[in-house]
Amino acid sequence: MLDPVPDLFGGRFPDAFRAEVRTQLTDLGVELLLGSGLRQPPPTPPGVAGRFSVQTAAGTTVTADVWFACYGGAAQGGTLAAPGERVAVTPELRVRGHDTLFAIGDVTDVPEMKMAATANAHAGVVAANVTALVEGRALTAHEPHPAGIVLPLGPKGGASYAPDLGVLGAEATTDIKGDLFVEMYRDLLGVTP
Ligand SMILES: Cc1cc2nc3c(=O)[nH]c(=O)nc-3n(C[C@H](O)[C@H](O)[C@H](O)COP(=O)(O)OP(=O)(O)OC[C@H]3O[C@@H](n4cnc5c(N)ncnc54)[C@H](O)[C@@H]3O)c2cc1C
């Protein structure tokens with residue numbers, strides 16, 4: 001695993017969480033090459049098999065059969081935001097400058113991690129606020145979520161962190177998300193296996 005940042009998760013989350021993930025990755029045989037990016041992108045497209053060698057800026061040669069680009073996601077704010085920027089919203093998730101236009105999810109500039117869980121919370125707040133507008137009631141503010149993570153590493157591994165729970169290891173993480181929330185989303189979307 002190669003990343004130009006000096007530590008896992010860019011140094012986010014407590015040391016104990018990063019140490020737990022580092023240990024599990026090492027046990028899985030994952031070599032961590034941190035703190036130096038590639039001199040040039042790999043010659044093959046991401047996700048397409050094809051053996052290649054590349055060099056990091058620090059001079060390490062990496063040979064691989066496939067690579068995945070786990071970076072570069074960007075919000076598409078369209079006409080509501082400048083290119084590359086997120087849509088500015090009020091605490092009630094109204095698009096700034098608009099009384100009856102709301103935005104939710106990754107595209108907003110709410111100061112919190114961009115996650116499905118927070119997008120879901122935004123949806124609840126906006127649904128309530130649309131109803132409140134219709135009924136002439138006061139709007140509810142979205143409380144930005146503190147940084148947290150549930151990171152499965154295969155069906156039996158992983159680690160989690162939340163400010164109120166602290167760091168959780170493989171067993172607790174498997175209990176929470178060993179199935180990658182497939183069951184939960186099946187129920188939510190009414191999908192029959
Ligand atoms: C690899 C990966 C793993 C993740 N794992 C987790 C996780 O474990 N837990 C978690 O909570 N979150 C996770 N996330 C984050 C989570 O996926 C996002 O926070 C969530 O999907 C945000 O939902 P959204 O509806 O705001 O945006 P999206 O899910 O990105 O939906 C936006 C939609 O808008 C469409 N769109 C874009 N431009 C236009 C346009 N001009 N016109 C019409 N449609 C358009 C896009 O195609 C897309 O379908 C992960 C993200 C990635 C990339």
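None of these values were measured; they are calculated from a predicted model. Order of listing sets the numbers, starting from 1, for every ligand and every atom in it.
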Subject >> Summary of side chain to side chain donor-acceptor pair (under 3.5 Å) pairs that have at least one residue in residues 29-42, sequence neighbours excluded >> reply: Arg39-Gln55
**OP:** Give the atoms of ligand 1, by number and element, whose distance to some non-hydrogen atom of Asp106 is under 4.0 Å.
**Re:** 18 (C), 19 (O), 20 (C), 22 (C), 26 (O)
Original post:
Quick one: does Ala116 get an N or O within less than 3.5 Å of an N or O on ligand 1?
Top reply: yes
**OP:** Can you measure from CD1 (Ile149) to CE (Met115) and round to the nearest 0.5 angstrom?
**Re:** 6.0 Å
**OP:** Report, in ascending order of atom number, the atoms of ligand 1 lying under 4.0 Å from any heavy atom of Lys114.
**Re:** 15 (C), 19 (O)
Original post:
How far is atom 38 (N) of ligand 1 from its nearest protein heavy atom, and which residue and atom is that?
Top reply: Gln76 CB, 3.9 Å
**OP:** Could you tell me whether ligand 1 has any atom less than 4.0 Å away from a heavy atom of His122?
**Re:** no
Subject >> Over 12 non-hydrogen atoms of neighbours within 6.0 angstrom of NZ in Lys114 >> reply: yes
Original post:
Relative to the heavy atoms of Gly105, which atoms of ligand 1 are at a distance of less than 4.0 Å?
Top reply: 26 (O)
**OP:** Please could you name the atoms of ligand 1 that Lys177 approaches to less than 4.0 Å, counting only its heavy atoms?
**Re:** 7 (C), 8 (O), 9 (N)
Original post:
Gly73 near ligand 1, heavy-atom distance under 4.0 Å?
Top reply: no
Subject >> Under the ring-ring contact (aromatic ring centres under 6.0 Å, His included) test, residues paired with His145 that sit two or more places apart >> reply: His142
Original post:
For Ala117 and ligand 1, does the shortest N/O to N/O distance drop below 3.5 Å?
Top reply: yes
Original post:
Backbone, side chain, both or neither: what part of Met115 comes under 4.0 angstrom of ligand 1, heavy atoms only?
Top reply: both
